[in-house]
Amino acid sequence: MAHASIQTTTRPPSRRDRIHAAIHHLEHLVPGQASIRDFVHHNTLHGFQHLTFPEALSQARHYTGIFGYLPAERFRALFAEGRISREDLQAVIEADPSLNAAQPIGPIPQGEIIRLKLQHGIQPISSRQLAWEIEEREALNQLQPGVEQESRDPFTAAGEPFAVRGLWRVCLELFGLSHREWYREERLDLASEEETPFENKTKRPGEAEAQREIIAALRAESGRRWEALVLRVGRDLTLRGLLQRVTGEDILNAIRPYLLRYLSGFLDLGVASWPMPGREAGFYRAWRMRALLEVGQGLEELPDWREQLEELPEEAEETIGFCLQRLELPEARWEGYLERLALELPGWSGMVMWRSQRPGYGGSPALVTMADYLAVRLVLERLFALRLCRAIWLLAPTLGMLGWHFQRYRGEFFAREALFSGVLPEFLASRASRLTHRPANDPDLGAEWRKLAYLIWTETGGAHFSGRPVTAATHAWPLFLLAQHLGWTADRLQALGAEQAQALLAVLESIDAEREGFLWLTAYERHYRERIFSALSANHGRGRWARRDTRPEAQVIFCMDDREEGIRRHLEEIAPMVETLGAAGFFGVPVNWRGVDDTALTPLCPVVVTPAHTVTERMRAGHEAVFARHQRWLALKGWWQRLTMRSSHKGLLVPLWIAPLMTPIVWVSLLMRSWLPEPWSRLTSGIAARLDADVPTEVTLTAADSIDPATPENPRNGFTLDEQAGRVAGFLRTIGLTSGFAPIVVIFGHGSSSQNNPHLAAYDCGACSGRHGGPNARLFAAMANHPEVRMRLAGMEIVIPDDCSFIGAEHNTGNEELIWYDRDRLPVPARAALNRLVVSLDAARLGSAHERARRLASAPHGGSRHQALAHMRRRGVDFSQARPELGHATNAVALIGRRSVTRGVFFDRRMYLISYDPTCDPDGRIVESILLAAGPVGAGISLEYYFSTVDNERFGCGTKVVHNITGLLGVMEGCSSDLRTGLPRQMIEIHEAMRLLVIVEQRPELLTAIYLRQEPIRELVGNGWIELASIDPDSGAIHHFVPEVGWQAWRNTLPQLPCVANSTEWYAGHTGPLPPALIALPEESTHAVA
Amino acid sequence: MPWPDGWFLIPILPLLAALWIGIGMVTGGRVGEAGERGTARIALFATGSAFIGLVMLDLLAWFKGAPGLKSYHPWLTSGEFSITWNLLFDRPALVMATLSAASCLVTLRFSVDYLHREAGFHRFFAILSLFSGGMLLIALAGNLVLTFVGWEVAGLASYLLISYMRDRAIAAENATRAFVTNRFGDAGLLLAIALASMWGVGLDWPALFAASHQRHAPPVPIVAFGLVIAALAKSAQLPFSAWIARALEGPTPSSAVFYGTLMAHAGLYLILRIEPLLWHAPVLMLLMLLLGLLTAALAVAIGRVQSDVKSALIYSTLAQLGLMFAECGAGFFDLALWHLVAHASWRLYQFLFSPSYLHLGEGVLQPVSKWLAQSHDLHNLALNRAWLDALTDALITRPTLALARDARMFDELVVNRIAGRPLRETLLASRAEWNDFSAVTDGSGIGVTGGRGMLGRLLERTARIFSWVEEQFVLKSSGDGLVKTLSFLGNYLTRAEISLGQPRYLILMIVLTFLIIL
């Protein structure tokens, strides 16, 4: 201890603080995904949310190298499909003031040039591509295939091949190029055989000087390039990256399997039955102590393993400093270095970060800190780099030593860098790679490298290192394409002059890939948005229940989830007198829930909320016998599952007696599951039902009155009556249901069931932290039915009539099953109303299944509704089905307002529907709280889908088929990959990557006030992570919010929406996304018939 | 009673399916989502028919006894030596074949939905069919050569599926490692084939078995030794265990059928196959017993510390395999056969359900004993997989790589020089020369200086050699050429000395010495 304290006093405190701060900063960079059991959708770039959307994407690209937009080819394909129109492109280009769209260049506005660039992908190419275009695609004899007819005409008039060639000539001339130069490599035949400067041959006069000059230039260039490369260490490279650039060897390939064995063992939550001892001491200590004991490192040929480890400090932070110092990295770049290091294995780094913020997660005693992890990473990096550098140069891996070596052997560095950057032609590359295999103590190695560097220099003229020269491929070619699309023949282009041509090119160049991606994205969003606005505008005044003049037959409250849009629409089509509402699926009741079978508490509420109440489900009194039977069944089932799936691979002898026992069962099960999954599931659940017993349960809802407030630290068992009334009133006010109660009010939580699906939680209710929301619905119904709660509600001016009953239920979005809670406790009159509703609901879920089937490749298309429902059931129990349902794929828009705004329009299951009555919210307090709660949830889902779609390999977790569950934390590909975060490919295939459009039925002024008041909303909306629009409750006028500009009134330019009799008519025969359509209301259709 | 004869189709059908899908892929007819259904049907039909055929055979065998060896067509005949296309339908063969066909069938069915829309869908089905055919061939082959063919087909399929994600470097590397390790086993098989044919024992299984009964049959234990080596490598027993943990890079269904179920058990099946031979080789039985027990003990320990599901499963598979080898070593061949079937079936189930691991069987596992839980050393040993990988690297991979590099160097500096070819290559200075050079030497021989016809080419070669000799010794030796040549030579010697100082050459020399002495 004394020793440690002396150390801390003698060390400057700032270094430790800086390392701390750097580690803290990492939180913004590494993925923040939870353990996969608690998967909750969140913005993949959550750490960048303080920036505007395009800035954040550009920053993220800087740090991670991942491009945040769909590739331009994909957008162009969407353009070809008509999903983005020319008008959309023009509109978004004109809307961006920085593009100066109206400013003309010659006769043409800049905006037009930009549009053509986007639409046709006009950009510089390489000289080889140019050669291919000219030789294989006859680019000089014919117009480009994408040129439109009106632009073709001038060329056809002058004779196409001739006119095109003429145009090309002019393009070359405008940049002072000659036709001979389009194939650059032709010029590069400088050195001839054996003329290397190192052989003392008689030379022609002047030759020696020329060679000396070249050598001097080469030496200078090599020195410069080394300096530049070293400066990048800590900016965008680590030692591993540096070595990769000069040796082609990736030391991470050797480090990864070794590191992951320890790391995943350390973090493991229960796959291994022999947990790593000593986890309480932290990763760094635990690893170091064990590494010192290792006997096997001698085999890895890691030099001085033990000596290296012994001289390390005891503390992780100090080790970080020690290693970075050893590397001889200037302190100013330490932070950057740690960032880079963490981002080399982003998934695991993110998991360490996540666990470090949740000590004791999953009952693991491991002491997880980021510093420990980074320290081990640094030590391993050093050890493995040492092995590499020793083998190649007999050097230690420090920047200083490497620098010293490459100062002496500049030719070697020059040639190595050229080789591993992939710019060398084959004959040089093969020579260079042969040199890299020579032993380090080879006496003439240095001379060989020098010769090779000289050859490389003469071959490429040193040009692959210098800046971009003016060439045909980079300059004339884009202009050539642009002129074709503009319909400009040679004469017109020539008349423009070189200066204007330069200006045209400058405009093309001003749009980089990110700018282009953002413009395409906004155009894509605009196309969809226009159609949504048009539909809402056409629907104004059509939807039922803007006011409850008559009493609805029933009210059904669903989760706001976009997947529920379908079943709601079908229900309304079948039963027009039913009102449907939507709200965040925890229904204003955040609880820690313990079901009757659960051993632990589960929070059922959005992740950002910590519940202050605990509710336990228990059997109803008088059912002890049944309960005992149920308990026995559970024990049996648990024993069986442990035996078959888990304990089997822990021992040697257990499998000996289980395996023969299992064999017949296994084969029957496998064959049945493969060919008849649904009957098999019915059979097994039938058997289970015989052995099991349905235990009637109740919830301990009501707590004794107390004046102490319940807090997350001091949670209360159950809710007091006042709290219950408060919850119910709050929720009913939020959704605008304070009067006109129907005889029966159903609250639907939701969840999804599937087999063999590690990402199960991602299909469940996002508002319940990735769990089933049924318990919340049940609790809410129980509260709202409580007579004393109703009395208190009446005091709050919410009068629920005595003949109104609430009932909780759960909708399975996978197999469309409905589960009812406490149905037997319903008063008799309400039962009749419920039975009537159930008939309609049964038809509605058939419709929902039918509509879903249209988007699934293996579902029966054009089949009956019952076939579709049977197919959905089958998917849920099919263990080979990687797509049990499509989740939130295609979610795109959220509407906060009365259902009357949207009722009667087909929204293709792409809309979150959040009920809110603007007429009861004069000061906007309610909508403010909705935006605060639903905004982040909706943005989280939408942005996770967005990013997983634009680059599924790197923002998402790739294909499910190679996933391997590790540590109960996440999935890897195979057995030693990074921890994969984000969504699997099977979830996003049909997703349309666009930002969420949130439309609020409220006046813009009021929303402005909220926007100014609420920082979280400003962050999301003002930075463009979601789009905001308002629809006026009275006039139906629509305004679109543009950050930094403000509200812009929307004008309809689209033709009138089609009107169809029902949803089925509109989607029948279509498998792709569909635009909105009006669905005839019953009165309209009767009118039409009359 | 004559047996209805179409049984030879059983291993052929899946191979034909693989071929058919492959042809479709090459000719471009079988691509993308649209072709999925057709591909799946062909693969399912082929393996399904094989399965049904086998079930019929099983029933026949049950009631009327197994048909035994069935010869179809002569293959190779040379004097007394001949190989026939024949299949052996006896009890172990039928059991193994039925298990293989059933497992492949279930896996194929599983993959139809699981691999839907994968870019490699057709490739996967072709390879899995290939594997199905290979396994059936191993099970049913009537002679050693056919077994070897099946062995190689299955090995190739395994290699191709480990590297299913061929754009991932780890997958490609691990596939190669698994493939190369398995070639050691092949060497054993080839040795057995060579010895058996050399000693004229005959290659048909029954002939081999019969030979083993003769007294003083010297080759039999050596043949058996080769086969045991092959079996140990295939079933990843010590010392070949390292490869199997690297083999799990492919899609889950392929991991299931290859490593959980069939491939890994193929080695053991070979042991069961040669049971009559082994009774005459007690030393081998003892070896199997020891290696099996050691593998089992080690694999149980390693399996317990694995924190990812597939690795945990594969090591427990390995442990059971070790136990089966030990059973064979102890002479309980029938028990081992039962054990094989039961265990393989169950692993198939577990592997196919491995993505459910998060949601199945929650609850606390039986913890290991307190003593074990605190043992850092043993945990370390298990966590690092007994350093088998590092051991393989140090003993095999790195020396092999280095030898290959040296061989290339030798090629370039000595062989090529003697052949006269690449002196130019090392001194080529520009693209233009490279182009000229490749144009002349790419084998077409139709350059300006190239000769036509055999005689022409011969003349050309000779001319080149002469010109090279002239260049080297006449032109260069003027001036300081001789000095340079000498210093060159000096450098080569230094380099050779450095190289020869490496341990691999010491080992090589020791091996050579032994060979000469022997």
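Protein chains get the first letters and strands the later ones, always in sequence-line order, with residue 1 at the start of each.
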Tell me, for [X] versus chain A, whether the close heavy atoms (under 4.5 Å) come from the side chain, the backbone, both or neither.
X	value
B:Leu248	both
B:Asn380	both
B:His379	both
B:Leu378	both
B:Ile314	neither
B:Leu381	neither
B:Ser354	backbone
B:Leu383	both
B:Arg385	side chain
B:Arg168	side chain
B:Ala245	backbone
B:Ser255	neither
B:Glu33	side chain

- Message: Aromatic contact between B:Phe110 and B:Tyr114, with the criterion being ring centroids under 6.0 Å apart: yes or no?
- Response: yes
To check you understand the geometry: which heavy-atom pair defines the closest contact between [X] and [Y], and what is its length?
X	Y	value
B:Lys310	A:His963	CE-O, 4.0 Å
B:Leu318	B:Ala299	CB-CB, 3.9 Å
B:Leu105	A:Trp675	CG-CH2, 3.6 Å
A:Arg875	A:Ser858	NH1-OG, 3.0 Å
B:Phe121	B:Tyr164	N-OH, 4.2 Å
A:Tyr262	A:Met276	O-CE, 3.4 Å

Which portion of [X] sits near chain B, non-hydrogen atoms under 4.5 angstrom:
X	result
A:Thr599	neither
A:Asp250	neither
A:Asn253	neither
A:Met972	side chain

- State, without any angle test, whether A:Ser880 and A:Asp878 hold a side-chain donor-acceptor pair at a distance under 3.5 Å. yes
- Task: Report yes or no: do B:Asp308 and B:Ser311 form a side-chain donor-acceptor pair below 3.5 Å?
- Result: yes
Between [atom1] on residue [X] and [atom2] on residue [Y], distance to nearest 0.5 Å:
X	Y	atom1	atom2	value
B:Trp338	B:Glu327	CH2	CD	13.5 Å
A:Leu269	A:Leu969	CG	CG	4.5 Å
B:Arg347	B:Ser316	CZ	OG	3.0 Å
A:Thr663	B:Trp346	OG1	CH2	9.0 Å

Name the member of [options] that forms the most heavy-atom pairs with chain B at distances under 4.5 Å.
options	answer
A:Leu260, A:Val971, A:Leu670, A:Leu661	A:Leu670
A:Asp268, A:Ile665, A:Leu267	A:Asp268
A:Gly278, A:Ser754, A:Pro758, A:Pro660	A:Pro758
A:Lys960, A:Arg985, A:Gln881	A:Arg985
A:Leu760, A:Leu671, A:Val666, A:Ile965	A:Ile965
A:Arg883, A:Met662, A:Gln755	A:Arg883

- Please assess A:Thr959 against B:Arg117 for the test side chain to side chain donor-acceptor pair (under 3.5 Å), listing each intermediate value before the final yes or no. CA-CA 10 Å; A:Thr959 176; B:Arg117 281 199 182 147; over 6 Å; no
